[in-house]
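To keep things clear, I will list the structure first and then write my remarks on it.
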Amino acid sequence: GYRVYNFINYYTYYVLGFGMKSKITPEQLSSEWNAYSFGTPEKQDRVEPSDTSVLGGGFCVWCDNPSAESTEDILKHISPYLFSAGEAML
């Protein structure tokens, strides 16, 4: 089988100039998502933490328009989400 990292766009995508793709809060990210949870709140597909095909997860910054935000603004906006994503992976 395949080995994967979970970068599900509902929970882990920040789009420059628009914010979080799904408009969730950092609290929702840490309580609803982890590396073994794929999908949206309406349709969750989960695998067991013992499943060795899941290597981890991550957080994405989508940069179709790189000049939409300054580096400082990006860091200010995503810092709470990065903390929550890290917390959800523990």
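Source: prediction; values computed, not measured. Numbers here are sequence positions counted from 1.
- Remark: E69 CD to I74 CD1 distance equals 5.5 Å, nearest 0.5 Å.
- Smallest separation of non-hydrogen atoms from Y2 and S53: O-CB, 3.3 Å.
- In the hydrophobic clustering of this structure, F7 groups with L55; members are Ile, Leu, Val, Met, Phe, Trp, Tyr whose side-chain heavy atoms approach within less than 4.5 Å, directly or through other members.
- Put simply, CD1 on I24 and OG1 on T12 are 8.5 Å apart, with the number rounded to the nearest 0.5 Å.
- Separation of atoms SG (C63) and OH (Y14) is listed at 10.0 Å; rounding is to 0.5 Å.
- Rounded to the nearest 0.5 Å, atoms CG (N6) and CG (N34) are 8.0 Å apart.
- Between the OG1 atom in T71 and the NZ atom in K76 there is a gap of 13.0 Å [rounded to 0.5 Å].
- Follow the hydrophobic side-chain contacts under 4.5 Å out from I78 and you reach Y11 in the same cluster.
- Every residue was checked against the side chain to side chain donor-acceptor pair (under 3.5 Å) condition with E87, not counting sequence neighbours, and none meets it.
- Linking ILVMFWY residues whenever their side-chain heavy atoms come closer than 4.5 Å, directly or via other members, leaves W33 and V4 in distinct clusters.
- Of the N and O atoms on the side chains of E48 and S50, not one donor lies less than 3.5 Å from an acceptor on the other residue.
- With hydrophobic clusters built from ILVMFWY side chains whose heavy atoms lie under 4.5 angstrom apart, M20 shares a cluster with V61.
- Tracing side-chain contacts under 4.5 Å through hydrophobic residues (I, L, V, M, F, W, Y), one reaches M89 starting from F59; they form part of the same cluster.
- Across all their heavy atoms, A35 and G57 have their closest contact at CB-N, 4.0 Å.
- S30 and S84 get closest at one heavy-atom pair: CB-O, 3.6 Å.
- Taking all atoms of both residues into account, the shortest heavy-atom contact from K43 to D45 is NZ-OD1, 3.3 Å.
- Between D51 atom CG and R3 atom CZ the span is 9.5 Å, to the nearest 0.5 Å.
- Using a 4.5 Å cut-off on side-chain heavy atoms (C-beta onward), E32 and P41 make contact.
- For Y10, the ring pair (Phe, Tyr, Trp, His ring centres under 6.0 Å) test picks out no residue, with sequence neighbours left out.
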